[in-house]
2 protein chains.
Amino acid sequence: MTETAGVGRDPEAVSRFVEHFAAQLVEAGLQRMPARVFAALLASDSGILTSAELGEQLQISPAAVSGAVRYLAQVHMVSREREPGSRRERYRVHSNQWYEALTNRNAIIKRWEDALREGVVGLGADTPAGSRLAETLAFFEFMEGEIEAMMERWRVHRDKTFGQA
Amino acid sequence: MTETAGVGRDPEAVSRFVEHFAAQLVEAGLQRMPARVFAALLASDSGILTSAELGEQLQISPAAVSGAVRYLAQVHMVSREREPGSRRERYRVHSNQWYEALTNRNAIIKRWEDALREGVVGLGADTPAGSRLAETLAFFEFMEGEIEAMMERWRVHRDKTFGQA
DNA sequence: CGCTTCCTTCAGAAATTTGTGAAGTTAAGG
DNA sequence: CCTTAACTTCACAAATTTCTGAAGGAAGCG
């Protein structure tokens, strides 16, 4: 049995994982198509799939693939590569791309912090509401630094467990 | 000017913060009404508002308040209190309720982990895809423990900065 | 024990989001 | 250059979500 990349192995098992995991991502706030595309990439052996492969495996139109990938690239959850000497585009997920995704999450928290800072000023730092906002702000600022350190510890831990990347 | 609790101070500034912060929460995946209700509570002096106050301040129907609060209570972002001897219900936010919200986030990650574990088995731990899933799984498991420790450090840091709770 | 107040549930209208087909654009290959 | 393969953009139909008004309880208060 020759295998068209990505749908080799047990298509049943792959699909089961892709849909299940994508559903969890959706529940966490991701849109359906980006979630499915991302899960499909995670579940592929090479970590790389072309637009056509994604469309076929997930039964969606090229337009849907395009939209999903644009979003995923924007938030750094996949990278796009131009296969040299071909008009096929390849989309790749790195197993450590989660850091990027988290970093992106950080950008969201940064905007929360901005809103909170404005709130503290607007409501008055000396009011009960203002000080609640200030404490909330302090929490996020604390988290920011911690996450940085945490990532570093993870890298060490991973290298010990899985061998250097 | 006597003040109906919650809309004292500068209603302009309050509203500006509420809508701005709520918008950020929405962008992070929260639904609009829960986001607005939560922001309104955060911005109130007592951290407590009644259903009527929320409805008036946010210009939404009692039904909308009800729905929003039900959701927020479910994910532990607010608690509901029955004002004794009254049919008014009061909704409260604790400034440290973010931990709860994060803990709730943890529940989501737990389900990610479940899906990943199944994926590792389904695709085969010895396949490239399987090992990618396994590494991803390890990352989340690592995070879980770290977050626990981080919260503890935050509590210490907060007590030093803000005085005991 | 009935009245009143407040909250909830529910059906449906309105708005938003989602995914598609079709047309458009870019770039490889003859 | 022209052709053709591949991705993208766009307008729209369908599905979903969101919020409301109205009806339906529960619980204090007289």
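Note that the structure is predicted; figures quoted are calculated from it, not measured. Residue numbers start from 1 in every chain, and the chains themselves are labelled A, B, ... in the order their sequence lines are given, proteins ahead of strands.
Between B:Arg32 and B:Glu19 there is no salt bridge, since no side-chain N of the basic residue sits under 4.0 Å from a carboxylate O of the acidic one. For A:Arg16 and B:Glu118, the salt-bridge test fails: no basic side-chain N is under 4.0 Å from an acidic carboxylate O. Residues B:Glu81 and B:Arg90 are paired through a salt bridge, judged by an N-O separation under 4.0 Å between the basic side chain and the carboxylate.
Shown for residues 67-78 of chain A: no residue has heavy atoms falling under 4.0 angstrom of DNA chain C.
Atoms CZ and CD, from A:Arg111 and B:Glu27 in turn, are 4.5 Å apart once rounded to the nearest 0.5 Å.
Computed from coordinates, the B:Leu49 CG to C:dC7 P distance equals 12 Å when rounded to whole Å. Atom CD in A:Glu53 sits roughly 12 Å away from atom P in D:dA6 (whole-Å rounding). Going from atom CD of B:Glu81 over to atom C1' of C:dC7 covers 16 Å, rounded to whole Å. Atom CZ in A:Arg88 sits about 17 Å away from atom P in D:dT4, given to the nearest Å.
Within the 4.0 angstrom heavy-atom criterion, only backbone atoms of the sugar-phosphate kind lie near A:Ser51; the bases stay farther away. Among the atoms of the strands shown, none is found under 4.0 Å from any heavy atom of A:Arg36.
Checking side-chain atoms of B:Ser86 against main-chain N and O of B:Glu83 turns up no donor-acceptor pair under 3.5 Å. Side-chain N or O atoms of A:Arg36 include one that pairs as donor or acceptor with a backbone N or O of A:Leu58 at under 3.5 Å. Of the possible polar contacts, one joining the B:Thr127 side chain to the B:Leu123 backbone as a donor-acceptor pair under 3.5 Å is found.
Applying the ring-ring contact (aromatic ring centres under 6.0 Å, His included) definition to pairs two or more places apart or across chains, those involving residues 133-152 of chain A are A:Trp112-A:Phe140, A:Phe139-B:Tyr99, A:Phe139-B:Trp154, A:Phe140-B:Trp98, A:Phe142-B:Trp154, A:Phe142-B:His157.
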Footprint string (nucleotides 16-30 of chain C, 5' to 3'): B base within contact, S backbone only, - free, heavy atoms under 4.0 Å: --SSBB------SS-
